[in-house]
Amino acid sequence: MAEELLYEGKAKRIYASERADQVVMEFKDDATALNGQKRATIEEKGIINRAFTVRLFRYLESERIPTHLLAEIDERRLLVRRLTMIGLEVVVRNRVAGSLATRTGLAEGTVLDRPVVEFYLKDDALGDPLLNDDHIRVLGMADEETVLRMRQMALRINRLLEEFFAARALILVDFKLEFGRTPTQEDGGVVLADEITPDTCRLWDRTTFEKFDKDRFRRDLGGVIEGYREAWKRVQQ
Ligand code: ADP
Ligand code: UDP
């Protein structure tokens, strides 16, 4: 029986499942950058990204971070809790890169004294603009308590992931998270959703600073899937 497609995004598809409170998340090989202007199919990416997300979400769950992950279905699909998504992208940065380098003029790779948390509006038509706390309130995206909770969870996840990647000779430069709400108030009502993958993280080799992430695609550095494979190989250690 064909499952009902509920949503098709840039990198994943969401299908209905047998239960109303669960959905199936399928990881595609499609990649986009520069706000959708750059597109490609990177064979095998979806398989690596699904496996990567499972590895990291299971680790975070073991450290008592609530996530949407329920079960693995096959090499491209996961069963996850169906959440009401909070339409924000939460970025945590340990070093300067990407848009922070552009916005501040600081050199890429500069170590930040303390992690920086940023909120972006998840809206492709607007180019995912950076928001401050007042913007979030005025737009009615989330109340103060929810913003605080996302910030605290993002910082805790950052500490856990930094340590996890450091043990595998990788620097976690920055990453993006998405959160959703559960229908009930279990888990404090806010749950980590979506994915954590080389699409959504910057990961550099500890000594050579070689990039094993989507910047290989964004910047035409070559060896995109080889970079993803190397990151996945280390994450399995
Ligand atoms: P985009 O929408 O940015 O193109 P994707 O291709 O990754 O992104 O599509 C996945 C979509 O599923 C995103 O819109 C994301 O917010 C949403 N999503 C992630 N986790 C869940 C969940 N547990 N329940 C419902 N929607 C989710
Ligand atoms: N990121 C993401 N999705 C987005 C925007 C950013 O996963 O829509 C991730 C990106 O991979 C990086 C971090 O968030 O790890 C910070 O991205 P940045 O703001 O520097 O944007 P970029 O210049 O990469 O578009």
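We're numbering straight along the sequence, starting at 1. Numbering of ligands and ligand atoms starts at 1, following listing order.
- Distance check for atom 6 (C) of ligand 2: every protein heavy atom is found at 4.0 Å or beyond.
- The closest approach between R13 and ligand 1 stays at or above 4.0 Å for every heavy atom of the residue.
- The single protein non-hydrogen atom nearest to atom 11 (O) of ligand 2 is R218 NH2, 2.8 Å, given as residue, atom name and distance.
- Annotation: F119 is not in aromatic contact with H135 [ring centroid separation under 6.0 Å not met].
- Of all atoms in ligand 2, listed by their number and element, those nearer than 4.0 Å to a heavy atom of R202 are 12 (C), 15 (O), 16 (C), 17 (O), 18 (P), 20 (O), 22 (P), 23 (O), 24 (O).
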(Q) side-chain hydrogen bond (donor to acceptor under 3.5 Å, both in side chains) for Y15 and E26? Distances and angles first, verdict last. (A) CA-CA 8 Å; Y15 294 93; E26 181 183 42; 3.1 Å; yes

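- With respect to E210 and R216, a salt bridge is recorded, a charged nitrogen being found less than 4.0 Å from a carboxylate O.
- A salt bridge is defined here as a Lys NZ or Arg NE, NH1 or NH2 lying under 4.0 Å from an Asp or Glu carboxylate O, and R95 with E108 fails to meet this definition.
- Using a 4.0 Å cut-off between heavy atoms, D174 contacts ligand 2 through both its backbone and its side chain.
- Using a 4.0 angstrom heavy-atom cutoff, K214 does not count as in contact with ligand 2.
- The part of D128 lying near ligand 2 is the side chain, judged by heavy-atom distances below 4.0 Å.
- Between D213 and K211 there is no salt bridge, since no side-chain nitrogen of the basic residue lies less than 4.0 Å from a carboxylate oxygen of the acidic one.
- Of the heavy atoms in M85, only side-chain atoms (C-beta onward) come closer than 4.0 Å to ligand 1.
- Not a single heavy atom of L34 sits closer than 4.0 Å to an atom of ligand 2.
- For atom 11 (C) of ligand 1, the closest non-hydrogen atom on the protein side is Y7 CE2, 3.5 Å.
- Listed by number with element, the atoms of ligand 2 under 4.0 Å from a non-hydrogen atom of E89 are 3 (N), 4 (C), 5 (C), 8 (O).
- Using a 4.0 Å cut-off between heavy atoms, K10 contacts ligand 1 through both its backbone and its side chain.
- Taking a cutoff of 4.0 Å between a charged side-chain nitrogen and a carboxylate oxygen, E3 and R77 qualify as a salt bridge.
- In this structure, K176 pairs ionically with E178, as a charged nitrogen and a carboxylate oxygen lie closer than 4.0 Å.
- Nearest to atom 18 (P) of ligand 2 by heavy-atom distance, out of S99, A11, A33, is S99.
- The six-membered or imidazole ring of F164 lies near that of Y59, with a centre-to-centre distance under 6.0 Å.
- At a heavy-atom distance under 4.0 Å, no atom of K28 approaches ligand 1.
- Not one N or O of V80 is nearer than 3.5 Å to an N or O of ligand 1, by distance alone.
- Shown here for T182 and R81, the closest heavy-atom pair between the two residues is CG2-NH2, 3.1 Å.
- Heavy-atom separations between R93 and ligand 2 include at least one value shorter than 4.0 Å.
- Proximity of K122 to ligand 1, defined as any heavy-atom pair under 4.0 Å, is confined to the side chain (atoms from C-beta onward).
- The part of M25 lying near ligand 1 is the side chain, judged by heavy-atom distances below 4.0 Å.
- Only one option out of D124, D30, T32 pairs with K10 in a side chain to side chain donor-acceptor pair (under 3.5 Å); it is D124.
- By the rule that hydrophobic residues join a cluster once side-chain heavy atoms approach within less than 4.5 Å of another member, W232 and F217 end up as members of one cluster.
- Only the side chain of I14 comes within 4.0 Å of ligand 1, counting heavy atoms alone; its backbone N, CA, C and O stay farther away.
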